[in-house]
2 protein chains.
Amino acid sequence: MKLTKNIPARTIERMVLYKRLLSDLLSKGQKTLFSHQLAALAHNTPAQVRRDIMTIGHEGSPHKGYDIASLITRITAILDGSKDRSIALVGVGNLGRAILSYFTYRHPGLTIVAAFDTDDSKVDRVISGCRCYHIREFESKVKELDINVGIITVPATQAQAVTDMMVAAGIRGILNFAPVPLKVPDTVCADRIDIASSLEKLAYFADHLKQHE
Amino acid sequence: MKLTKNIPARTIERMVLYKRLLSDLLSKGQKTLFSHQLAALAHNTPAQVRRDIMTIGHEGSPHKGYDIASLITRITAILDGSKDRSIALVGVGNLGRAILSYFTYRHPGLTIVAAFDTDDSKVDRVISGCRCYHIREFESKVKELDINVGIITVPATQAQAVTDMMVAAGIRGILNFAPVPLKVPDTVCADRIDIASSLEKLAYFADHLKQHE
DNA sequence: TTGTCTTTGTGAGTCACTTCACAGTAAGTA
DNA sequence: TACTTACTGTGAAGTGACTCACAAAGACAA
């Protein structure tokens, strides 16, 4: 359960997926599974699954495979899923609102507890179950609600400014939907989701796959 | 301009970013730049930039750097950005609508030309400038409008069924917002954007970064 | 008991991408 | 002309993730 040897980001991503798949299985009453079964569900290889499970320091038995319940417990421990995550969202436009409503049926352990905007017509309203504040209250709310992850859904021109504000307020992880890369100190982790870029990449491979991936 | 030696996916992703950054610069009147300048904008290294540009078969000159206009042209040619892409979206829920409205101020070369749903209250309406059809018309519309990229914003339970339908209709690239991995033949390219997963990953690294990334 | 079967755990190999480091070169200077 | 400077292009080394392939081990059979 210690195992402080850095777990690669790719493995963490797969862990999140494994956890979801395993939880489904468990709720259907399945108790145990083999690496090749999980591989089929996750669309990767048995060797990959075994390596991943080894990486997080868990083990199965050659004949019964892996115990689903204890594997979920282990993954949850790794992901720190025990503590509920409080998340802030900045930029209550179309995309921001969609994400808010997407998260109302709350995902396990992830809750958007506050939204922020500069537009007074949005401030102090409750949108999809989430209260909206003026952005000048950001830092105090972050402290008050113990938020350490932020979502950015503002226009590109403001993304870096919002980022800087988040960093200053003590946010440690940022999910950025604006189509610009953000500069953050290396004590902060930033990820970008860029729908237009993804589509362009897809459009490229839609044509160019002779045998590619 | 030929250069049929497979370009890695990562390089393609950066190309999309470079194109946007360079277009900004060009519109501000800048004619030329050096690898270290583009690297600063893209938040990567000069060596990476030079390698990328080499990979797509372009070159600069040691003293003037790269010519922005011709580099954009080259990248655009690589990405096939010349032809306008027609995209279909299936699942006009919250997220689907947000994406539609996000794309109304149309991104260069990318247009969502049709949306599909099973809900009759949405069918035949125009939402954010995009006409919504019943899903049973999918295949005929794909043919009619020459669509080869699809966006999936339906619930997880229906994602695979929609995928199979897309594949059958001849779609070659799929952007999937449902939190399940899709099975597609290797003639089709599928990408998943999973907001909840991204947040969980971020939450993990928000804590666990000693020196990580 | 021994043998067969199935699956795990993992060292070693492979592969793909990134970074290093330097030769080559054009522009400016005198 | 030769000298300096600042950058590109790229072979080679490095890095990190994935896959292979096989020893080890439990389960079952007879």
Side-chain angles (χ1 to χ4, degrees), chain A residues 3 5-18 22 30-68 70-71 74-75 181 186 201 204-205 208-213, chain B residues 3 5-18 22 30-68 70-71 74-75 181 186 201 204-205 208-213:
Chain A
L3 258 290
K5 33 155 68 167
N6 279 2
I7 300 172
R10 301 276 184 71
T11 302
I12 293 295
E13 281 169 26
R14 284 189 299 269
M15 283 305 150
V16 175
L17 176 59
Y18 294 163
L22 291 169
Q30 191 168 339
K31 292 276 179 268
T32 192
L33 58 35
F34 299 118
S35 60
H36 61 87
Q37 296 175 302
L38 186 50
L41 293 170
H43 295 303
N44 60 176
T45 66
Q48 177 81 77
V49 168
R50 292 201 301 276
R51 175 73 60 184
D52 285 340
I53 291 174
M54 191 188 97
T55 302
I56 62 167
H58 200 74
E59 54 189 48
S61 70
H63 258 253
K64 299 181 299 151
Y66 301 95
D67 179 69
I68 294 180
S70 76
L71 189 48
R74 170 63 54 100
I75 294 175
D186 56 6
K201 188 181 72 171
Y204 174 84
F205 285 112
H208 287 246
L209 40 80
K210 323 281 173 188
Q211 77 294 3
H212 198 101
E213 86 171 80
Chain B
L3 260 289
K5 34 155 70 169
N6 280 2
I7 300 170
R10 300 276 184 72
T11 302
I12 293 295
E13 279 170 28
R14 285 190 298 269
M15 283 304 149
V16 174
L17 176 59
Y18 294 163
L22 291 169
Q30 192 168 339
K31 293 273 180 270
T32 191
L33 56 36
F34 299 118
S35 61
H36 61 87
Q37 297 175 302
L38 186 49
L41 292 170
H43 295 302
N44 61 177
T45 66
Q48 176 82 79
V49 168
R50 293 201 300 277
R51 175 73 58 184
D52 285 340
I53 291 174
M54 191 189 97
T55 302
I56 61 167
H58 200 74
E59 54 189 48
S61 72
H63 259 255
K64 299 180 297 149
Y66 301 95
D67 179 69
I68 295 180
S70 75
L71 188 47
R74 171 62 55 100
I75 294 175
D186 56 6
K201 187 181 71 170
Y204 174 83
F205 286 111
H208 287 246
L209 41 80
K210 323 283 174 188
Q211 76 296 3
H212 198 102
E213 92 169 77

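Not measured: the values here are computed from a predicted model. Each chain gets a letter, A, B and so on, in the order the sequences are listed, and its residues count up from 1.
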- line: Sorted by chain and number, sequence neighbours left out, side chain to side chain contact (heavy atoms under 4.5 Å, CB included) with Pro46(B) holds for Ser35(B), His36(B), Ala39(B), Arg50(B)

- request: State which residues pass side chain to side chain contact (heavy atoms under 4.5 Å, CB included) with His63(B); sequence neighbours excluded, sorted by chain then number.
  value: none

message: Expressed as a whole number of angstroms, how long is the span from Met54(A):CE to dA17(D):C1'?
response: 13 Å

- prompt: Where the side chain of Gln37(B) meets the backbone of Phe34(B), is there a donor-acceptor pair that is under 3.5 Å apart?
  reply: yes

task: Provide the full list of salt bridge (charged side-chain N to carboxylate O under 4.0 Å, His left out) pairs with a residue in residues 54-68 of chain A, sequence neighbours left out, each pair given once.
output: none

- request: Can you sort out the partners of Glu13(A) under side chain to side chain donor-acceptor pair (under 3.5 Å), two or more places apart, ordered by chain and number?
  value: Lys201(B)

- prompt: Do Tyr66(A) and Leu22(A) pass the side chain to side chain contact (heavy atoms under 4.5 Å, CB included) test, and can you show the C-alpha distance, the side-chain angles, and the key distance before you say yes or no?
  reply: CA-CA 11 Å; Tyr66(A) 301 95; Leu22(A) 291 169; over 6 Å; no

Partners passing side chain to side chain contact (heavy atoms under 4.5 Å, CB included) against Ala42(B) (at least two apart in sequence or in another chain): Leu17(B), Tyr18(B), Leu21(B), Asn44(B)

message: Just to verify, what does Arg51(B) make a salt bridge (charged side-chain N to carboxylate O under 4.0 Å, His left out) with, not counting sequence neighbours?
response: none

task: Give Ser35(B) one of three labels, base, sugar-phosphate or nothing, depending on what nucleic acid heavy atoms sit under 4.0 Å from its own.
output: sugar-phosphate

- prompt: Taking only residues two or more places apart in sequence, or in another chain, which ones meet Tyr204(B) in a ring-ring contact (aromatic ring centres under 6.0 Å, His included)?
  reply: His208(B)

query: Given that Pro62(A) and Arg10(A) both sit by DNA chain D, which one's nearest nucleotide is further toward the 5' end?
result: Arg10(A)

Between N or O atoms, less than 3.5 Å apart, protein on one side and nucleotides 28-30 of chain D on the other: list the pairs.
none

query: Looking only at atom types and distance, does a side-chain atom of Arg74(A) sit under 3.5 Å from a main-chain N or O of Ile56(A), one as donor and one as acceptor?
result: yes

- request: Check every nucleotide of DNA chain C for an atom under 4.0 Å from a heavy-atom of chain B, then give the first and the last such nucleotide from 5' to 3'.
  value: dC17(C) to dA27(C)

- request: Could you list by number each residue of residues 37-53 of chain A showing a heavy-atom separation from DNA chain D of less than 4.0 Å, or answer none if no residue does?
  value: Thr45(A), Gln48(A), Arg50(A), Arg51(A)

